[in-house]
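The structure under discussion appears below in the form of structure tokens.
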Amino acid sequence: MRDQMPWLWDLVDIVNSFLFRIRYGDKLDLVENVICSKDYFKCKSSDNFYVVPIRSVNSDDLVEFFACQPTESFRFFKPHGFDIKSIKKLQKNRAFLGYVVKDITKDKIAGYCFNRSFFHGKGFRGRMVDINYRGKGLGTTMNLLLNKVGFGIGLRLFETVSKDNVASYRSAISASSFRVIEELPHNELYLEIINDMKQNDNINKNLIGGG
Ligand SMILES: CC(C)(COP(=O)(O)OP(=O)(O)OC[C@H]1O[C@@H](n2cnc3c(N)ncnc32)[C@H](O)[C@@H]1OP(=O)(O)O)[C@@H](O)C(=O)NCCC(=O)NCCS
């Protein structure tokens, strides 16, 4: 539909964004206050990072971030266009829960992640780490961030991952429990991410209640 009837795709996006904001806007504001606070994002290699919602990022900086990544980075990562028009459209879409992770010391975008979400309660995760920041735990920590946002507002989360994309597959399984919904062609898996936060809440409740 996106290629054949782009106007219909855009219309669906606008309606979805509007309904999503009505259903989830208040909860999202609360969760974003937490994840965008200064000391929230800590990955195993460093805590010199902070999270910025896509709507507050300079569009040119994001376009440049994508332009600087090597071609191989896009082999399994084609969620949307990377030109200025596409980025600006995403920034206006309140159901597209996109975030960048910035390196405080260099004021540079080190990673980008999103839950592409729908008002009926589903979100689809995706992420990319700058080539110079790979292998330091950023991808895994961004998955935790996406879980925090998605589960925090009550979404069910899904992801398609290729078994050939080892880093992506491993960061997906390191950060979350999941169940395989379907094995897709080309070695891809369609996953539902399990809400461990719920279990942790229950564990916490049990601990508190059970004394
Ligand atoms: C997938 C991606 C986000 C991972 O980010 P990252 O910050 O490098 O990943 P992490 O450092 O958190 O490592 C995650 C796991 O992958 C492993 N890993 C990282 N790079 C690897 C590599 N090149 N080969 C094999 N394993 C690798 C790590 O050892 C770690 O495994 P562990 O949890 O078992 O210890 C990054 O490689 C990327 O941006 N790829 C291009 C875009 C993409 O394909 N996105 C996914 C599709 S939505």
Side-chain angles (χ1 to χ4, degrees), residues 2 35 40-54 57 61-83 86-87 89-90 93 95-106 108-118 122-151 155-194 196:
R2 182 162 54 178
I35 62 157
Y40 181 76
F41 194 93
K42 293 186 195 312
C43 80
K44 69 178 180 195
S45 63
S46 157
D47 46 10
N48 278 338
F49 296 104
Y50 67 104
V51 179
V52 186
I54 188 174
V57 176
D61 289 353
L62 201 47
V63 172
E64 196 194 331
F65 166 80
F66 291 121
C68 288
Q69 307 310 316
T71 314
E72 61 79 24
S73 307
F74 298 93
R75 184 170 161 218
F76 300 102
F77 186 77
K78 305 177 177 83
H80 50 68
F82 301 107
D83 57 301
S86 307
I87 297 299
K89 212 183 271 178
L90 292 176
N93 182 347
F96 187 85
L97 310 182
Y99 304 93
V100 304
V101 173
K102 275 198 158 187
D103 181 336
I104 295 174
T105 51
K106 299 184 180 153
K108 185 180 172 333
I109 299 177
Y112 164 74
C113 60
F114 62 83
N115 283 323
R116 184 192 285 279
S117 309
F118 295 88
K122 289 186 177 179
F124 295 85
R125 300 193 315 188
R127 68 224 156 261
M128 174 178 269
V129 171
D130 179 275
I131 189 72
N132 298 309
Y133 288 85
R134 299 241 185 120
K136 298 175 195 295
L138 223 59
T140 305
T141 313
M142 287 198 306
N143 277 338
L144 292 172
L145 176 78
L146 294 174
N147 292 357
K148 169 87 182 170
V149 175
F151 294 140
L155 297 180
R156 287 175 70 192
L157 294 180
F158 299 85
E159 170 166 346
T160 306
V161 63
S162 168
K163 284 193 248 177
D164 299 331
N165 193 358
V166 183
S168 173
Y169 183 64
R170 289 181 63 167
S171 65
I173 60 176
S174 285
S176 329
S177 313
F178 61 89
R179 70 184 177 96
V180 178
I181 297 182
E182 199 181 341
E183 299 226 9
L184 302 169
H186 312 298
N187 232 357
E188 296 216 323
L189 297 174
Y190 179 38
L191 308 178
E192 173 163 11
I193 314 304
I194 308 289
D196 289 331

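When a ligand or atom number is given, it counts from 1 through the structure's own listing order. Excluded from the calculations below are hydrogen atoms, water molecules and symmetry mates; all remaining heavy atoms, backbone and side chain alike, are included.
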Answer yes if the side chains of Asn147 and Ser176 hold a donor-acceptor pair under 3.5 Å, and no otherwise.
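There is such a pair (donor and acceptor under 3.5 Å, judged by atom type) between the side chains of Asn147 and Ser176.
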
Does a side chain donor of either Ser86 or Asp83 reach within less than 3.5 Å of an acceptor in the other side chain?
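Yes, side-chain donor-acceptor contact under 3.5 Å.
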
Considering both backbone and side-chain atoms of [X], is one of its nitrogen or oxygen atoms within less than 3.5 Å of a nitrogen or oxygen in ligand 1?
X: Arg127; result: yes
X: Val129; result: yes
X: Arg125; result: no

Shortest protein heavy-atom distance from [atom], along with the residue and atom involved:
atom: atom 41 (C) of ligand 1; result: Ser73 O, 3.4 Å
atom: atom 25 (C) of ligand 1; result: Val166 CG1, 3.7 Å
atom: atom 7 (O) of ligand 1; result: Gly139 N, 2.8 Å
atom: atom 44 (O) of ligand 1; result: Asn165 ND2, 2.8 Å
atom: atom 34 (O) of ligand 1; result: Arg170 NH2, 2.9 Å
atom: atom 47 (C) of ligand 1; result: Phe76 O, 3.8 Å

In terms of atom number and element, which parts of ligand 1 are under 4.0 angstrom from non-hydrogen atoms of [X]?
X: Phe77; answer: 42 (C), 43 (C), 45 (N), 48 (S)
X: Gly137; answer: 10 (P), 11 (O), 12 (O)
X: Ser168; answer: 1 (C), 46 (C), 47 (C)
X: Lys136; answer: 11 (O)
X: Leu138; answer: 7 (O), 12 (O)
X: Ser174; answer: 32 (P), 33 (O), 34 (O)
X: Ser171; answer: 14 (C), 15 (C)

[X] vs [Y] side-chain heavy atoms within contact, under 4.5 Å:
X: Val100; Y: Asp61; value: no
X: Phe76; Y: Tyr169; value: no
X: Phe178; Y: Leu189; value: no
X: His80; Y: Lys89; value: no
X: Arg127; Y: Val101; value: no
X: Met142; Y: Tyr99; value: no
X: Ile87; Y: Phe66; value: yes

If every non-hydrogen atom of Ser174 is compared with every non-hydrogen atom of Thr140, which pair is closest and at what distance?
CB-CG2, 3.8 Å

Least distance between heavy atoms, Phe49 atom then Ala110 atom
CE2-CB, 3.8 Å

Closer than 4.0 Å: a protein non-hydrogen atom to atom 2 (C) of ligand 1
no

Which one of [options] has a non-hydrogen atom at the shortest distance from [atom]?
atom: atom 16 (O) of ligand 1; options: Gly126, Ala167, Cys43, Ala172; result: Ala167
atom: atom 8 (O) of ligand 1; options: Gly111, Ala110, Gly135; result: Gly135
atom: atom 40 (N) of ligand 1; options: Arg134, Glu72, Lys44, Met128; result: Arg134
atom: atom 12 (O) of ligand 1; options: Leu144, Thr140, Thr141; result: Thr140

Given the side-chain rings of Tyr50 and Phe41, with only the six-membered ring counted for Trp, is the space between their centroids under 6.0 Å?
no

How long is the span from the CG atom in Leu138 to the NZ atom in Lys44, to the nearest 0.5 Å?
10.5 Å

